[in-house]
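Scroll down for the structure; my scribbles are underneath it.
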Amino acid sequence: MTPTDHRIHLRINGVGRDVDTDVRSTLLDLLRERLGLTGTKKGCDHGLCGACTVHVDDERVLSCLTLAVSIDGAEVRTVEGLADGEVLDPLQRAFVERDGFQCGYCTSGQLCSARAMLREHARGDLSATTFDGGREDVADGPTCLSDNEIRERMAGNICRCGAYSNIVEAIAEVARS
């Protein structure tokens with residue numbers, strides 16, 4: 001261990017891991033380079049594209065901007081942890097059925113972000129689009145997600161291939177079920 005190494009404990013996709021990591025290492029680099037979980041992608045490495053989105057304690061985070069030591073003791077879920085064995089998560093199934101990807105590079109971040117976004121909506125988190133529709137019943141809790149609201153809530157995830165309409169359709173399908 002070097003003077004800049006620090007031992008942290010994380011539960012990653014349900015498995016406890018004790019890892020020595022440099023205090024300057026991002027969660028993204030820890031996942032990809034140290035633990036071999038390469039489903040999470042390094043896109044811009046500046047927090048602008050969303051390809052590195054993962055869940056930390058059930059909240060979506062940009063792993064390229066998150067220092068690994070700052071989440072010591074947390075539960076981390078990556079795209080590798082979305083499926084239940086061979087059974088795909090409903091979002092994964094919908095992405096396949098709706099062609100919600102082309103090259104696939106952004107897909108892991110899109111899936112993690114969409115799963116967290118649906119959870120945020122279900123618990124009543126509001127968005128700017130919530131108020132744009134002239135709804136007066138905002139206090140009554142979440143309603144069905146419109147395509148515009150899905151687009152706004154997913155705005156931090158870039159798809160260079162332009163599969164946005166299919167991504168929105170896949171998310172909307174899961175939101176309705």
Side-chain angles (χ1 to χ4, degrees), residues 12-13 26-28 31 37 39-67 70-71 74-84 87-177:
I12 301 174
N13 298 326
T26 64
L27 175 58
L28 175 62
L31 292 169
L37 296 171
T40 303
K41 302 301 183 209
K42 183 180 276 193
C44 66
D45 210 20
H46 295 287
L48 300 173
C49 72
C52 68
T53 304
V54 299
H55 301 164
V56 174
D57 293 333
D58 280 337
E59 298 294 328
R60 57 182 156 172
V61 301
L62 299 170
S63 62
C64 75
L65 298 181
T66 304
L67 288 175
S70 73
I71 61 165
E75 174 79 31
V76 177
R77 183 153 319 272
T78 68
V79 70
E80 290 93 343
L82 294 183
D84 183 12
V87 178
L88 294 179
D89 179 86
L91 276 167
Q92 291 172 309
R93 252 191 336 273
F95 267 60
V96 170
E97 291 168 1
R98 299 286 186 167
D99 293 324
F101 55 90
Q102 287 179 28
C103 81
Y105 197 83
C106 73
T107 305
S108 59
Q110 296 276 0
L111 286 165
C112 286
S113 192
R115 191 168 195 236
M117 181 270 295
L118 290 171
R119 195 171 37 253
E120 292 161 6
H121 179 259
R123 74 177 177 216
D125 292 5
L126 303 177
S127 70
T129 304
T130 306
F131 298 98
D132 289 345
R135 286 187 42 215
E136 296 173 11
D137 62 338
V138 170
D140 295 335
T143 61
C144 188
L145 281 166
S146 69
D147 288 357
N148 283 340
E149 189 157 10
I150 291 170
R151 283 186 196 94
E152 185 220 328
R153 289 175 183 258
M154 293 292 293
N157 290 80
I158 307 297
C159 173
R160 288 175 177 88
C161 299
Y164 294 114
S165 61
N166 298 353
I167 291 168
V168 169
E169 286 178 19
I171 295 168
E173 176 183 312
V174 173
R176 286 189 299 268
S177 62

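Remember, it's a predicted structure, so these values are computed and weren't measured experimentally.
The salt bridge (Lys or Arg N to Asp or Glu O under 4.0 Å) pairs that include a residue from residues 164-174 are R98-E169, R98-E173, where partners are two or more places apart or lie in different chains. Annotation: side chain to side chain donor-acceptor pair (under 3.5 Å) contacts involving residues 40-49, sequence neighbours excluded, comprise D29-K42.
Counting heavy atoms from C-beta outward, L111 and D89 have side chains that stay 4.5 Å or more apart.
For the residue pair C64 and T26, the shortest heavy atom distance occurs at O-CG2, 3.3 Å. Closest non-hydrogen pair, F101 versus T107, comes out as CB-OG1, 3.1 Å. Counting all heavy atoms, side chain and backbone alike, N148 lies closest to R151 at OD1-NH1, 3.1 Å. The shortest non-hydrogen separation linking A74 to V56 is CB-CG1, 3.8 Å. What you find for C159 and Q110 is that their closest heavy atoms are CB-NE2, 3.9 Å. Heavy atoms only, all atoms of each residue included: I171 and M117 are closest at CG2-CE, 3.5 Å.
Rounding to the nearest 0.5 angstrom, the gap separating the OG1 atom in T78 from the CG atom in N13 is 3.5 Å. Atoms CG and OG1, from D147 and T129 in turn, are 11.0 Å apart once rounded to the nearest 0.5 Å. The SG atom of C106 sits 5.0 Å away from atom CD1 of I167, with the distance rounded to the nearest 0.5 Å. Note: M154 CE to T53 OG1 = 8.0 Å, rounded to the nearest 0.5 Å. Between the CD1 atom in I150 and the CD atom in E152 there is a gap of 11.5 Å [rounded to 0.5 Å].
For the pair S63 (side chain) and C52 (backbone), a donor-acceptor distance under 3.5 Å is present. No side-chain donor-acceptor contact under 3.5 Å links R77 to the backbone of H55. N157 contributes a side-chain N or O that, together with a main-chain N or O of G50, makes up a donor-acceptor pair within less than 3.5 Å. S108 places a side-chain N or O within donor-acceptor distance of the main-chain N or O of G39, the cut-off being under 3.5 Å.
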Audit row: I71, D57, side chain to side chain contact (heavy atoms under 4.5 Å, CB included) steps and yes/no = CA-CA 9 Å; I71 61 165; D57 293 333; over 6 Å; no
Trace of the side chain to side chain contact (heavy atoms under 4.5 Å, CB included) decision for L91 with L82 = CA-CA 9 Å; L91 276 167; L82 294 183; over 6 Å; no
Tell me, with the steps shown, if V54 and V61 meet side chain to side chain contact (heavy atoms under 4.5 Å, CB included).
-> CA-CA 6 Å; V54 299; V61 301; 3.8 Å; yes
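Atom CZ of R160 sits in a sparse spot, with 12 or fewer heavy atoms from other residues, nucleotides or ligands closer than 6.0 Å.
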